[in-house]
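Only a predicted model underlies this, so the values are computations on that prediction, with no experimental measurement involved.
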Amino acid sequence: MAEGPQPKRKREEEEEQNGGAAAQGGPAAAFTLSDLRVRRVLRESARDKIVFLHAERIDLSGEGTDAVVILEKTPFQEEKIPDLLKKPMNAELRMHNDIYCTFYLSPPPELSEIKATVVYPATEKHIQKYLRQEVHLIRETWEDYKNITLPFIQSQSFSIQWVYNILEKKAEADRIVHENPDPSNGFVLVPDLKWNQNQLDDLYLIALVHRREIKSLRDLTAEHLPLLRNVLQEGKEAIVKRFGVSGSQLRIYLHYQPSYQHLHVHFTALGYDAPGSSVERAHLLADVIDNLAMDSSYYQKRALTFPLRADEPLFKKFQEAGKV
């Protein structure tokens with residue numbers, strides 16, 4: 001839900017790498033899951049209840065086209081929890097010790113959904129992205145950004161047409177929670193596709209700014225403070241109005257490196273351990289605003305730390321420069 005030079009687990013990357021095919025009714029809309037054949041497990045996480053599969057679709061000629069399938073167990077929905085114990089189901093007692101019992105349940109289909117995300121057609125880069133890889137922390141100075149990171153970004157031709165489709169209301173217009181249409185200081189707030197909007201525990205929204213020249217944290221100066229303050233204030237107001245979640249219960253932050261090179265802000269439930277919310281990648285928007293108010297060129301002066309996987313091209317650039 002390729003990319004900028006940072007690993008990620010969301011729709012933005014898939015649509016970016018596929019040129020927004022899914023949003024435009026591309027090849028992903030022309031098949032069903034039963035058309036896919038699993039080739040191997042790329043990676044799985046027992047903690048997150050998620051598995052990444054390398055699959056392929058066989059056409060009529062017998063040729064196979066690669067796909068990546070992400071299977072993820074959906075969160076519990078509060079209103080359905082009573083049905084887990086009331087509806088007929090198999091409940092196997094696995095352990096009983098004093099006051100403790102462990103049962104394994106086989107709930108009916110409507111209570112045991114699995115979310116499947118498909119990247120099709122998938123490139124070798126997609127497949128490698130989901131393989132378990134070593135991760136390294138990079139300490140990027142402003143000189144490193146100018147000499148290594150920025151030239152790498154500029155050398156890539158990654159489409160973010162899906163972002164422009166949302167901003168221009170060519171796609172997902174019905175999902176917009178809030179919009180400030182001002183071309184300089186406005187933005188659009190939409191739910192992230194990782195969030196099914198059925199519960200608030202994993203609330204996740206994205207604010208996409210209308211300005212297209214701002215790629216990331218590195219581009220921000222005091223000039224952008226009105227924009228950032230609008231995102232912070234109006235985003236919180238829209239979320240409490242629509243979902244009843246107050247600003248003090250939200251984690252509002254930017255990524256560096258970002259998933260894609262268009263400034264966007266993440267709004268997640270404070271109690272949700274969202275992908276990419278760790279300290280080495282997330283920068284709280286309120287802190288960013290304070291830093292820029294104190295020093296307009298703050299993010300053109302300070303070193304920034306971020307993780308890169310060992311197989312990423314940008315990591316190799318830092319290796320070649322002797323920075324790892």
Side-chain angles (χ1 to χ4, degrees), residues 2-10 12-13 16 129 133-160 163 184-185 187 206-232 251-267 274-324:
E3 73 287 356
Q6 178 63 25
K8 47 217 171 289
R9 283 179 47 195
K10 52 184 188 258
E12 291 90 11
E13 181 187 37
E16 188 177 331
K129 181 178 80 73
Q133 299 282 346
E134 290 183 350
V135 179
H136 298 261
L137 280 180
I138 301 298
R139 186 71 170 166
E140 178 197 78
T141 65
W142 175 244
E143 289 70 27
D144 292 336
Y145 175 74
K146 290 189 299 181
N147 298 328
I148 304 173
T149 306
L150 184 58
F152 172 80
I153 292 170
Q154 293 172 335
S155 71
Q156 308 303 299
S157 56
F158 303 133
S159 170
I160 52 172
V163 174
S184 295
N185 299 320
F187 66 99
I206 299 288
L208 301 165
V209 306
H210 281 299
R211 294 178 65 164
R212 301 191 180 190
E213 77 279 8
I214 313 173
K215 297 184 293 299
S216 75
L217 200 61
R218 284 295 194 190
D219 293 324
L220 293 175
T221 66
E223 174 208 344
H224 305 111
L225 283 172
L227 166 61
L228 299 177
R229 287 170 175 152
N230 281 351
V231 171
L232 181 63
R251 181 186 293 110
I252 307 170
Y253 56 96
L254 298 84
H255 280 155
Y256 192 80
Q257 282 283 330
S259 302
Y260 46 97
Q261 298 296 319
H262 179 101
L263 190 73
H264 57 285
V265 177
H266 303 255
F267 290 74
S277 61
S278 53
V279 65
E280 66 269 19
R281 192 176 176 204
H283 298 255
L284 293 175
L285 178 57
D287 290 346
V288 171
I289 290 172
D290 285 349
N291 291 335
L292 292 173
M294 181 174 53
D295 184 346
S296 178
S297 57
Y298 183 88
Y299 291 102
Q300 288 82 53
K301 292 179 179 178
R302 66 157 292 184
L304 295 174
T305 300
F306 56 89
L308 284 177
R309 295 185 327 187
D311 65 330
E312 292 194 74
L314 182 57
F315 178 76
K316 300 184 189 309
K317 296 291 186 183
F318 273 87
Q319 273 188 319
E320 292 169 358
K323 299 293 183 174
V324 180

Open item on the list: With a 3.5 Å distance limit and no angle check, can you tell me whether D290 reaches the backbone of D287 through a side-chain donor-acceptor pair?
Closed with: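 Side chain of D290 to backbone of D287, a donor-acceptor pair under 3.5 Å: no, none is there.
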TODO: Could you tell me whether a side-chain N or O of R281 sits under 3.5 Å from a main-chain N or O of Q257, the two making a donor and an acceptor?
DONE: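 Checked: pair present.
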Note, [X] side chain near [Y] side chain (heavy atom, < 4.5 Å):
X	Y	result
F318	T149	yes
H283	N291	no
V265	V209	no
I289	V231	no
L150	Q154	yes
R218	W142	yes
V163	R212	no
H224	L263	no

What distance separates [X] [atom1] from [Y] [atom2], expressed to the nearest 0.5 Å?
X	Y	atom1	atom2	result
K146	T141	NZ	OG1	9.0 Å
L225	N230	CG	CG	11.0 Å
H262	L208	NE2	CG	5.5 Å
L285	Y253	CG	OH	12.0 Å
K317	I138	NZ	CD1	14.0 Å
E213	Q261	CD	CD	13.5 Å

- [ ] Look at atom CD of E134 and say whether more than 12 heavy atoms of other residues, nucleotides or ligands are closer to it than 6.0 Å.
- [x]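 Incorrect, the count does not exceed 12.
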Could you report the tightest heavy-atom contact between [X] and [Y], atom names first, then the distance?
X	Y	value
S277	R251	CB-CD, 4.0 Å
Y256	S216	CE1-OG, 3.7 Å
P226	E223	CD-O, 3.4 Å
R139	D144	O-OD2, 3.5 Å
F306	L314	CE1-CD2, 4.4 Å
L220	Y299	O-CB, 4.4 Å

TODO: Verify side chain to side chain contact (heavy atoms under 4.5 Å, CB included) between H266 and L254, making sure each step is shown before the conclusion.
DONE: CA-CA 6 Å; H266 303 255; L254 298 84; 5.8 Å; no
Open item on the list: Evaluate T221 against Q300 for side chain to side chain contact (heavy atoms under 4.5 Å, CB included), listing each step before the verdict.
Closed with: CA-CA 8 Å; T221 66; Q300 288 82 53; 3.7 Å; yes
Open item on the list: Using the ring pair (Phe, Tyr, Trp, His ring centres under 6.0 Å) criterion, which residues pair with H136? Sequence neighbours excluded.
Closed with: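 Expected list: F315.
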